[in-house]
2 protein chains.
Amino acid sequence: MSTPENGGAVYRRYLSAVMLHGHAGAKAVGMGATDLYALNVLGLGGSMTPGELGRRTGLTTGPTTRLIDRLEQAGYVRRVPDPDDRRKIIVELVARPGGLDEVLAPARQKIGAIVQGYSPEQQAVLFDYFARAADAYLDATTELHDKRA
Amino acid sequence: MSTPENGGAVYRRYLSAVMLHGHAGAKAVGMGATDLYALNVLGLGGSMTPGELGRRTGLTTGPTTRLIDRLEQAGYVRRVPDPDDRRKIIVELVARPGGLDEVLAPARQKIGAIVQGYSPEQQAVLFDYFARAADAYLDATTELHDKRA
DNA sequence: CCTAACCTCTTCCTTAACGAAGAGAAATCT
DNA sequence: AGATTTCTCTTCGTTAAGGAAGAGGTTAGG
């Protein structure tokens with residue numbers, strides 16, 4: 001069993017496994033790395049314009065258009081006109097049968113089973129951690145992004 | 001605060017944040033997606049031959065050679081001759097100052113601080129979860145990989 | 001021994017993705 | 001109203017990455 005003493009190693013292994021799994025899933029549905037990245041950006045940031053998506057993915061306008069083309073053609077995303085500004089377009093996620101979400105679902109079920117093996121109090125600790133850690137990672141990611149600019 | 005009721009959403013957000021952060025870090029040090037993937041494979045599986053690495057990354061021999069070339073030139077990896085079989089080469093990870101690990105370190109420190117905010121019993125729950133979840137993800141990744149073959 | 005199998009690397013070709021620059025359409029400002 | 005700014009999209013050229021096929025060196029089996 002793992003203890004806080006070897007926590008660093010345990011955590012690193014966990015992170016690697018998560019990243020590996022995400023990447024493998026993307027590959028299994030024939031998706032490139034930038035596409036997966038963009039999907040995560042949309043999942044976290046909600047619907048946004050191509051310009052905003054390009055900014056957050058670090059792409060210029062040309063590749064951004066084609067990134068959205070790919071995602072739209074694959075059915076992950078939809079282009080919706082902005083009612084307030086007719087120059088703009090809003091890119092929004094779309095539930096896609098047979099898509100990445102379904103490919104990744106088996107793993108999430110396993111995780112769900114693991115989590116349910118804990119007591120309610122323990123589960124509360126886990127979910128509290130998830131929420132806090134997500135914020136920390138998003139902060140750190142923003143810093144990474146700023147450093148590049 | 002998060003509760004098990006909205007646990008699915010919380011967890012998805014957490015996963016997206018982790019993946020986003022890894023990808024952003026890789027980009028910040030000028031590393032492609034496959035390179036990051038290979039680094040994770042090596043971190044999880046330990047040193048291995050180019051053939052094995054190629055198999056696990058889903059690459060043929062040509063791109064595998066150049067993948068290792070890139071990683072070696074960037075200082076993340078080292079080629080060592082296999083003492084038992086002189087046809088073989090062993091690729092092993094190398095600690096790299098200024099590399100991906102250091103770029104990602106600030107986030108890990110934040111995570112460390114979060115974890116230390118919990119009681120010892122709660123920390124034990126977290127580390128237990130990390131270990132179990134890593135196994136689950138690795139299993140699921142293997143299944144993904146097999147499905148493609 | 002000497003042939004067959006194995007492992008890595010090299011070479012050539014194709015494909016995919018990105019950046020830069022500019023066109024077209026719509027909103028904002030004077 | 002007219003000019004400027006702001007979006008998105010298109011096009012062109014470049015670069016990076018992957019697949020296929022074969023060469024060179026090494027081990028294993030007849």
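First the proteins, then the strands, lettered A, B, ... as listed; each starts at 1.
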Handout entry: Carboxylate-amine/guanidinium contact B:Arg108 B:Asp101, below 4.0 Å
Key = yes

Problem - Side-chain (B:Lys27) to main-chain (A:Thr57) donor-acceptor, under 3.5 angstrom - result: yes

Practice task
Walk along DNA chain C from 5' to 3' and tell me the first and last nucleotide with an atom closer than 4.0 Å to a non-hydrogen atom of chain A.
Solution key: C:dA17 to C:dA27

Exercise for the section: Determine yes or no for a side-chain-to-main-chain donor-acceptor pair under 3.5 angstrom, with A:Tyr76 supplying the side chain and A:Leu100 the backbone. Expected result: yes

Practice task
May I ask you to say what A:Leu59 touches in the nucleic acid, namely base, sugar-phosphate or nothing, with a heavy-atom cut-off under 4.0 Å?
Solution key: sugar-phosphate

Practice task
Could you pick out which residue, A:Thr34 or A:Asp84, lies toward the 5' side of DNA chain C when each is mapped onto its nearest nucleotide?
Solution key: A:Thr34

Practice task
Sort and list the pairs that fulfil salt bridge (Lys or Arg N to Asp or Glu O under 4.0 Å) and have at least one residue in residues 29-50 of chain A, not counting sequence neighbours.
Solution key: A:Asp35-A:Arg70

Fill in the blank from the handout: Closest heavy-atom pair, A:Leu44 versus B:Ala17, reported as atoms and distance to 0.1 Å, is CD1-N, 4.0 Å

Practice task
Identify the two heavy atoms, one from A:Val94 and one from A:Gly75, that lie closest to each other, and give their separation to 0.1 Å.
Solution key: CG1-O, 3.1 Å

Problem - Check: B:Val125 main-chain N/O paired with B:Tyr118 side-chain donor or acceptor under 3.5 Å - result: no

Completion exercise
Reading nucleotides 5-10 of chain D from 5' to 3' and marking B where a protein heavy atom lies under 4.0 Å of the base, S where only the sugar-phosphate is that close, and - otherwise, the string is -B-BBB

Exercise for the section: List the atom of A:Pro50, the atom of A:Thr64, and the distance in Å for their closest heavy-atom pair. Expected result: O-CG2, 3.3 Å

